[in-house]
Q: 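My questions all concern the structure below.
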Amino acid sequence: MKQSLLFLALSLAVNTAMAGIGYVVKSPDGQLKAVIRTNEKLTYFVMHNADTLLAPSAIAMHLSGGEVLGHNAKVKSAKTSTVNQEIEAPFYKRSRIKDNYNELVISFNKDYSVVFRAYNEGIAYRFVTSRKQNFNVESEEATFSFPADYPAIVPYVNSKKKNATFEEQFFNSFENTYTHAPLSKLDVTRLAFLPLVVEAANGKKVCITEADLEEYPGMYLNHQSGNTLTGVFAPYPKKIEQGGHNQLQQLVKERENYIAKSKGTRSFPWRIIAVSTQDKQLADNDLVYKLASPSRVSDVSWIKPGKVAWDWWNDWNISGVDFKSGVNNATYKYYIDFASKNNIEYVILDEGWAVNLKADLLQVVPEINIKELVDYARQKNVDIILWAGFYAVDRDMENVFKYYSGLGVKGFKVDFMDRDDQLAVNFYYRVAQLAAKYKLLVDFHGAYKPTGLQRTYPNVLNFEGVHGLEQMKWASPKVDQVTYDVTIPFIRMLAGPMDYTQGAMRNAIKKNYYPVWNDPMSQGTRCRQLAEYVIFEAPLNMLCDNPTHYLKEPECAKFIASVPKIWDETVALDGEIAKHIAIARKKGNDWYVGALTNWDSRDTELDLSFLGKGNYKAEVFRDGVNADREASDYKHEVIDVPQNRKLKISMAPGGGYVARIFDEK
């Protein structure tokens, strides 16, 4: 890894700060800057060229005992550095990441500092302390003030209770569609989880999220007045009880009067203000990964991304067999045979294999013999992943991981945390670290958004925290999943991979969709489902439908299985939030191009100039001529890529388009 560090004395910035102007850190291209002022309150604002994106916004940390980091702060020193390096990213949307930023470190007299970084694609800041004594953080002041009443695209906590308190909202699955409203119209009673987007001046967007969230609670945002969003944090749990879904959750019954216990010397999470001049830039932003702590797993050779034949969404609803389908060995051998035939790396045993209500992962139902399944799968070049609930993992983590790793199980899907207070966040790190010790992969469900844990522990391959296709088992037709699909690549996916669980073979146009628990369908076309394997980042990626359906659709099943899980390069081609998206990704010598539209039919032209010279062909799946009436209608063909590299495509309402592009030489 090449790295160039240039440390400079910040004499000019110091002089201007004394004159009341402030400290300045600019992006490498000079277009984006943060201006920091240290008066009674520590504030910053952000500009992109002549546009003010964030107005002066106060930041501080309130410690137990009354001390406030950031109030009446006395500057001890201010230094800048420039970093220009490459980060290796073995399980990501590009194999190498350019990491170029300017950094400003302002140190204060009371053994703490604030670090600001300016990238071309955004601003980030964090607090750092260097003290001998540990302390508690009573609260954190993290404000994001905007210069006008801009529209915002916000995922509220999805609370079933009307007028739920913040405490009640802290318990949630981090899954909801988006509300699009001016800042002034946002609901003061509701918390929003991250990431979220604010539409600023001249078509520019601001996406707020966080990175390197370790030993600290996650941040929510809330609107109280004016054009300001304010950080809200779940207090530290004081009393926890087992309960919730099948007795697999840990419910907070009482909280402390502080949000975090802190070591005296530590770095706190990064607050990220990602900036775009075109929406497609948000779909290709690397800030969360760049700002995460580097890998703590020295040997990653055993980590194997892959596709997963998944049982739960399709309710084990196979047919044409001579055994009763369900949670039993015969059914899972059928899934294993399907996975083996289609070069699918994994089969998951979702909820049901462990004895219900016991929260004991060493008690297995009599219908399942895990050792037999692992051995059978190994003979077929397939591996097994197990589902597990939060409390069942937490209460006996070492024994569970050691035992099942010894049997040959390759990973766990850990579910139903539904919290992001400090103890819950700590659980993620403990799982990741111990799973790595036993060479186990991890997929977090019932989970908050990614904050870079997948870089720190690369055995963590995926996260939920997304309003995924599982919602179509029960969601009302009023739920607009199609518009959500063309929103998340710009917002949720900026944070990291998404276990959206696409791949439905039952597809419905808008007026024909209805929820069916045991034989669910998707909203939108068949080609939309195929394109999502290119659009959505997911190193561990489910095939949600049942093998019987895929066996009836061999073209689609073969293509889904063939789409790479990780990529050498990614290029966001085009897009507009909530309307459409097109992304190209490269693996080896082949490029894959995916596109999605909202409920509007769409004719568009994709610029494939990145291909360079060559005689390229494209294996294409496109919406059929009748896909606006029968959503499963599609056309599979091989075409010549135009020499001018301008590819015209058409998508039906709720449609999609996907192509594998290869040089025919």
Q: Tell me whether K290 forms a cation-pi arrangement with W270, defined as NZ or CZ under 6.0 Å from the six-membered ring centre and within 45 degrees of its axis.
A: no
Q: Would you call E88 and R96 a salt bridge, taking side-chain N to carboxylate O under 4.0 Å as the test?
A: yes
Q: Compare every heavy atom of P195 with every heavy atom of P155, then report the nearest pair and how far apart it is.
A: CG-O, 3.6 Å
Q: Hey, mind stepping through E398 and Y438 against side chain to side chain donor-acceptor pair (under 3.5 Å) and telling me if it holds?
A: CA-CA 9 Å; E398 178 99 30; Y438 291 105; 2.3 Å; yes
Q: May I ask you to decide whether E168 forms a salt bridge with K161, counting only side-chain N to carboxylate O separations under 4.0 Å?
A: yes
Q: Nearest 0.5 angstrom please: Y289 OH to L453 CG, how far?
A: 11.0 Å
Q: Are any non-hydrogen side-chain atoms of I123 and Y119 less than 4.5 angstrom apart?
A: no
Q: Is there a side-chain contact between F427 and M417 in this structure, where contact means two heavy atoms from C-beta onward sitting under 4.5 Å apart?
A: yes
Q: With a 6.0 Å cut-off (strictly less than), is the heavy-atom count around CZ of F166, excluding the residue itself, greater than 12?
A: yes
Q: Output yes when a side-chain donor or acceptor of N399 lies under 3.5 Å from a complementary backbone atom of D396, and no otherwise.
A: no
Q: Once you round to the nearest 0.5 Å, how far does CD of Q529 lie from CG of L596?
A: 9.5 Å
Q: If I take atom CZ from residue F170 and atom CG from residue D418, how far apart are they, to the nearest 0.5 angstrom?
A: 14.5 Å
Q: So that I know where these two stand, are F536 and Y500 an aromatic pair - ring centroids less than 6.0 Å apart?
A: yes
Q: Would the number of heavy atoms belonging to other residues, nucleotides or ligands and lying under 6.0 Å from NZ of K579 be above 12?
A: no
Q: Students often mix this up, so state it plainly: with edges at 30° and 60°, are the rings of W387 and H245 parallel, tilted or perpendicular?
A: perpendicular
Q: Has K304 got more than 12 heavy atoms of other residues, nucleotides or ligands less than 6.0 Å from its NZ?
A: yes
Q: Give a yes or no on whether the backbone of I344 and the side-chain of N342 come within a donor-acceptor separation of less than 3.5 Å.
A: no
Q: Output, in order, the C-alpha distance, side-chain angles, deciding distance and verdict of side chain to side chain donor-acceptor pair (under 3.5 Å) for Q278 and S276.
A: CA-CA 5 Å; Q278 302 175 69; S276 70; over 6 Å; no
Q: Centre of Y101's six-membered ring, under 6.0 Å away, within 45 degrees of the axis: is that where NZ or CZ of R117 sits?
A: yes
Q: Tell me if the aromatic rings of W517 and W474 count as close, with their centers under 6.0 Å from one another.
A: yes
Q: Should D99 and Q85 be marked as a side chain to side chain donor-acceptor pair (under 3.5 Å) after you check the CA-CA gap, both sets of side-chain angles, and the distance that decides it?
A: CA-CA 5 Å; D99 188 29; Q85 65 182 359; 2.7 Å; yes
Q: Within the side chain of E210, is there an N or O that forms a donor-acceptor pair under 3.5 Å with the backbone of R271?
A: no
Q: So, applying ring pair (Phe, Tyr, Trp, His ring centres under 6.0 Å) with Y428, which one of Y448, F390, Y216 is it?
A: Y448
Q: Between N222 and T230, does a side chain to side chain donor-acceptor pair (under 3.5 Å) hold up when you go through it step by step?
A: CA-CA 5 Å; N222 173 251; T230 301; over 6 Å; no
Q: Do you know the tightest heavy-atom contact between D443 and F463?
A: OD1-N, 3.9 Å
Q: Between N546 and Y335, do the side chains contain an N or O donor and an N or O acceptor separated by less than 3.5 Å?
A: no
Q: So L349 and L373, do their side chains get closer than 4.5 Å, heavy atoms only?
A: yes
Q: Do you know the tightest heavy-atom contact between L386 and I384?
A: CD2-CG2, 4.0 Å
Q: Considering the options M493, R455, R492, M498, which one meets the side chain to side chain contact (heavy atoms under 4.5 Å, CB included) requirement together with P450?
A: R492
Q: Check K307 against Y533 and note the closest heavy-atom contact, atom names and distance.
A: CE-CD2, 3.9 Å
Q: Would you compute the distance between atom CG of L469 and atom CD of Q502 and round it to the nearest 0.5 angstrom?
A: 8.0 Å
Q: Any side-chain to backbone donor/acceptor pair from Q242 onto Q250? Under 3.5 Å, distance only.
A: no
Q: Between N462 and A538, is there a donor-acceptor pair closer than 3.5 Å when you use the side chain of the first and the backbone of the second?
A: no
Q: Do NZ/NE/NH1/NH2 and the carboxylate oxygens of R528 and D485 come within less than 4.0 Å?
A: yes
Q: Y592 vs W567, test: ring-ring contact (aromatic ring centres under 6.0 Å, His included). Steps then yes/no.
A: CA-CA 10 Å; Y592 289 75; W567 307 92; 5.6 Å; yes
Q: Determine, step by step, whether Y178 and Y484 satisfy the ring-ring contact (aromatic ring centres under 6.0 Å, His included) criterion, reporting the C-alpha distance in whole Å, the side-chain angles of both residues, the deciding distance to 0.1 Å, and the verdict.
A: CA-CA 7 Å; Y178 292 94; Y484 181 79; 5.5 Å; yes
Q: One thing to verify: whether R94 and E537 come together as a salt bridge, which I'm taking to mean a side-chain N less than 4.0 angstrom from a carboxylate O.
A: no
Q: Between N314 (side chain only) and W310 (backbone N and O only), is there a donor and an acceptor less than 3.5 Å apart?
A: yes
Q: Under a 3.5 Å threshold, yes or no: a donor from one side chain and an acceptor from the other, between N246 and E351?
A: yes
Q: Taking the basic N atoms (NZ, or NE/NH1/NH2) and the acidic carboxylate oxygens, is any pair closer than 4.0 Å for K98 and D286?
A: no
Q: Any donor-acceptor pair under 3.5 Å linking the side chain of N507 with the backbone of A504?
A: yes
Q: Check whether any side-chain N or O of Q422 sits under 3.5 Å from a backbone N or O of E215 as a donor-acceptor pair, and report yes or no.
A: yes
Q: Quick one: are the ring centres of F412 and F401 less than 6.0 Å apart?
A: yes
Q: How close do A234 and R255 get, heavy atom to heavy atom, and via which atoms?
A: CB-NH1, 4.1 Å
Q: Between K565 and E345, is there a side-chain N and carboxylate O pair less than 4.0 Å apart?
A: yes
Q: Please name the pair of heavy atoms, one in V393 and one in A388, separated by the smallest distance, quoted to 0.1 Å.
A: CG2-CB, 3.5 Å
Q: Could you tell me whether the side chain of D350 reaches within less than 4.5 Å of the side chain of V327, counting heavy atoms only?
A: no
Q: Is D415 reaching over with its side chain to a backbone N or O of G446, donor-acceptor style, under 3.5 angstrom?
A: yes
Q: Hydrogens and angles aside, do E167 and T165 bring a side-chain donor and acceptor to less than 3.5 Å of each other?
A: no
Q: When the ring centroid of Y550 is compared with that of F338, is the distance short of 6.0 Å?
A: yes
Q: Within a strict 4.5 Å, meaning less than it, do heavy atoms of the R126 and I272 side chains meet?
A: no
Q: Step by step, would you call N176 with F193 a side-chain contact (heavy atoms from CB on, under 4.5 Å)?
A: CA-CA 9 Å; N176 203 357; F193 54 88; 4.3 Å; yes
Q: Measure the OG-CD distance between S295 and Q454 for me, rounded to the nearest 0.5 Å.
A: 11.5 Å
Q: Is there side-chain contact between K410 and L440, with at least one heavy-atom pair below 4.5 Å?
A: no
Q: Determine yes or no for a side-chain-to-main-chain donor-acceptor pair under 3.5 angstrom, with N459 supplying the side chain and A432 the backbone.
A: yes
Q: If we ignore angles and hydrogens, is there a donor and acceptor under 3.5 Å between the side chains of T570 and R585?
A: yes
Q: Would you give the length of the straight line joining atom NZ of K473 to atom CG of N518, rounded to the nearest 0.5 angstrom?
A: 7.0 Å
